[in-house]
Amino acid sequence: MKTTEEIFKNALDKEVEEQLFAIRQSMSYYRCALMEVETKFKVLNEQFSLYYDRNPIESISTRIKSEESILRKLKSRNLPLTLKSMEDHIFDIAGVRVIGSFLEDIYDLANYFLKQDDVHLIETKDYIQNPKPNGYRSLHLIVEIPIFLSNEKKWIKVEVQFRTIAMNFWASLEHKLRYKKELSNERLAEIDSELFECAKLCSTLDQKMQNIKGSKK
Ligand code: 0O2
C-alpha cells in the first residue's frame, strides 16, 4: 500500500511530465511550421529561376526563439509564465529570415507569399518604409500557416523577416556592437549615432543597387 507522500509525489511527477511533454509538443509544432514556410520560399525562388532566370533569394534561415528570450519577453510584458500565455502572446517563437537581393524582391516575395491561400496575415511591420529610430530596416510579417499532423491540422504563427543584404549586414553588426555590455553610456551614444549614419548609407546603397538593376523582373 502506498503512503500519502508517495501518492502525492507520483501525482506531481506525472503533472511535471505532462507539462514537459506539452512544451516539447508545442516546440515541435513551431519547428514543423518553419519547415513549411522555408519550403514555400524555396519554391518561389525556384519558380523565379524558371520564368525570369534569376533568384531573388540570397539566403533563408530559420530559428526557434530561445527559452531564455521567450521568458524575458513574457516577463517584460507582465504576462503569466505559462505555455498558453506563450502561445497566445509571443508571435515570433518560430522565425524565418529571408534575405532578398534587391529592394523590389523584398516586396515581391512578401506579396507572392501572402497570396497563398493557406497563409493568413496577422500583422505587418514595415520598418523599410518606417525605419526604427535607430535606423533598423526590415519588413516583418506575422502569419499563421497550417501544419498537417497525422490526425489534425493546426494553425501555427510564424514571424517572417525580409531584408536585403545591406539591411542584414547592418542589423547583424548592430546587434554585435550594441550588446557589448562593458561600454560606457557615452560610448554607447557615439556608437548609436555612427550606426544611424551607417543605416542611412545602407539604405542609399539599396536604392542605388535597385536603380542599377532597373525595375521589374
Ligand atoms: P531574437 O533573438 O530574434 O528572438 P513585439 O513582438 O511587437 O512586441 P518586438 O519583439 O520588438 O515587439 O518586435 P519587432 O520590433 O518586430 O522586432 C522583433 C525582432 O526584429 C527582433 O527579435 C530582432 O530579430 C529584430 N529587430 C528589431 N529591432 C531591431 C534592431 O534595432 N536591431 C536589430 N539588430 N534587430 C532588430 P528579438 O526578439 O529582439 O530577438
Side-chain angles (χ1 to χ4, degrees), residues 23 26-31 33-35 37-38 41 57-100 103 106-107 109-110 113-114 119-145 155-181 183 185 187-206:
I23 294 172
S26 180
M27 289 303 165
S28 160
Y29 293 162
Y30 285 115
R31 280 196 298 277
L34 285 182
M35 290 187 246
V37 174
E38 185 174 10
F41 285 107
I57 298 179
E58 293 290 326
S59 66
I60 309 172
S61 56
T62 62
R63 71 105 181 84
I64 293 285
K65 202 174 184 68
S66 69
E67 287 162 18
E68 197 192 351
S69 183
I70 294 170
L71 287 175
R72 210 181 309 123
K73 204 163 193 173
L74 286 171
K75 280 185 194 160
S76 71
R77 295 192 196 167
N78 286 321
L79 291 165
L81 305 182
T82 62
L83 185 60
K84 179 162 185 340
S85 156
M86 175 191 94
E87 288 174 347
D88 290 350
H89 301 286
I90 310 289
F91 297 165
D92 64 343
I93 294 170
V96 178
R97 189 168 291 154
V98 180
I99 310 300
L103 262 180
I106 303 290
Y107 290 100
L109 287 164
F113 174 62
L114 289 175
V119 176
H120 294 174
L121 178 64
I122 309 281
E123 190 183 359
T124 303
K125 290 188 205 168
D126 191 341
Y127 297 124
I128 300 176
Q129 292 298 318
N130 305 294
K132 285 196 167 182
N134 63 354
Y136 176 76
R137 292 181 310 137
S138 179
L139 172 66
H140 294 189
L141 303 180
I142 305 287
V143 297
E144 210 170 32
I145 58 132
W155 288 86
I156 307 292
K157 291 190 181 68
V158 177
E159 181 191 70
V160 187
Q161 298 183 346
F162 296 88
R163 297 176 180 171
T164 58
I165 304 166
M167 291 172 201
N168 195 46
F169 161 77
W170 184 91
S172 303
L173 297 195
E174 185 261 2
H175 189 74
K176 284 191 178 159
L177 293 167
R178 196 73 190 77
Y179 293 95
K180 275 192 178 174
K181 292 185 184 73
L183 298 171
N185 286 344
R187 182 66 193 126
L188 272 177
E190 255 173 38
I191 291 179
D192 285 351
S193 149
E194 285 171 36
L195 281 169
F196 186 68
E197 284 307 308
C198 291
K200 284 200 283 189
L201 289 174
C202 288
S203 172
T204 306
L205 265 180
D206 270 333

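Note that ligands are numbered from 1 as they come in the structure, with each ligand's atoms numbered from 1 the same way.
When only non-hydrogen protein atoms are considered, atom 12 (O) of ligand 1 lies nearest to K125 NZ, 3.7 Å. At the top of the distance list for atom 17 (O) of ligand 1, counting protein heavy atoms only, stands H140 CE1, 3.7 Å. R63 NH2, 3.2 Å is the protein heavy atom nearest to atom 3 (O) of ligand 1. When only non-hydrogen protein atoms are considered, atom 25 (C) of ligand 1 lies nearest to Y136 OH, 3.3 Å. Looking at atom 28 (N) of ligand 1, its nearest protein heavy atom turns out to be K132 NZ, 3.0 Å. Among protein heavy atoms, atom 33 (C) of ligand 1 sits closest to E174 OE1, 3.3 Å. At the shortest separation from atom 6 (O) of ligand 1 among protein heavy atoms lies K73 NZ, 3.2 Å. Counting only heavy atoms of the protein, atom 37 (P) of ligand 1 lies nearest to K65 NZ, 3.9 Å.
Counting heavy atoms closer than 4.0 Å to ligand 1, residue D92 contributes side-chain atoms (C-beta onward) but none from N, CA, C or O. Counting heavy atoms under 4.0 Å from ligand 1, residue Y127 touches it through the side chain alone. Contacts with ligand 1 closer than 4.0 Å are made by no heavy atom of M167, backbone or side chain. Neither the backbone nor the side chain of R178 comes within 4.0 Å of ligand 1, counting heavy atoms alone.
Classification of the Y136-W170 ring pair by plane angle, with boundaries at 30° and 60°, yields tilted.
Between the side chain of S138 and the backbone N or O of F162, at least one donor-acceptor pair lies under 3.5 Å. In this structure, the side chain of R137 does not engage the main chain of A171 through any donor-acceptor pair within 3.5 Å. Between the R97 side chain and the R163 main chain, no donor and acceptor come within less than 3.5 Å of each other. No donor-acceptor distance shorter than 3.5 angstrom exists from the side chain of S69 to the backbone of S66, with no hydrogens or angles considered.
Of the listed residues (L139, D206, I99, D126), just one forms a side chain to side chain contact (heavy atoms under 4.5 Å, CB included) with I106, and that residue is L139.
The distance from ligand 1 to the heavy atoms of R97 drops below 4.0 Å at these ligand atoms: 24 (O). Below 4.0 Å from some heavy atom of A171 lie the following atoms of ligand 1, by number and element: 34 (N). Annotation for ligand 1: atoms under 4.0 Å from non-hydrogen atoms of N134 are 30 (C), 31 (O).
The shortest heavy-atom distance from E123 to ligand 1 is not under 4.0 Å.
There is no protein heavy atom less than 4.0 angstrom from atom 39 (O) of ligand 1.
Here the closest heavy-atom approach between residue L141 and residue A110 is recorded as CD1-CB, 4.2 Å. The heavy-atom pair separating P80 from S85 by the smallest distance is O-OG, 2.7 Å.
On a distance-only criterion, S172 and ligand 1 share no N/O pair closer than 3.5 Å.
The heavy atom nearest to atom 21 (C) of ligand 1, considering only R77, K176, Q161, H175, is found in Q161.
Note that CD1 of I145 and CG of L34 are 8.5 Å apart. Values are rounded to the nearest 0.5 Å. Separation of atoms CG (D92) and OH (Y30) is listed at 9.5 Å; rounding is to 0.5 Å. Between K125 atom NZ and E159 atom CD the span is 6.5 Å, to the nearest 0.5 Å. Remark: S193 OG to L188 CG distance equals 12.0 Å, nearest 0.5 Å.
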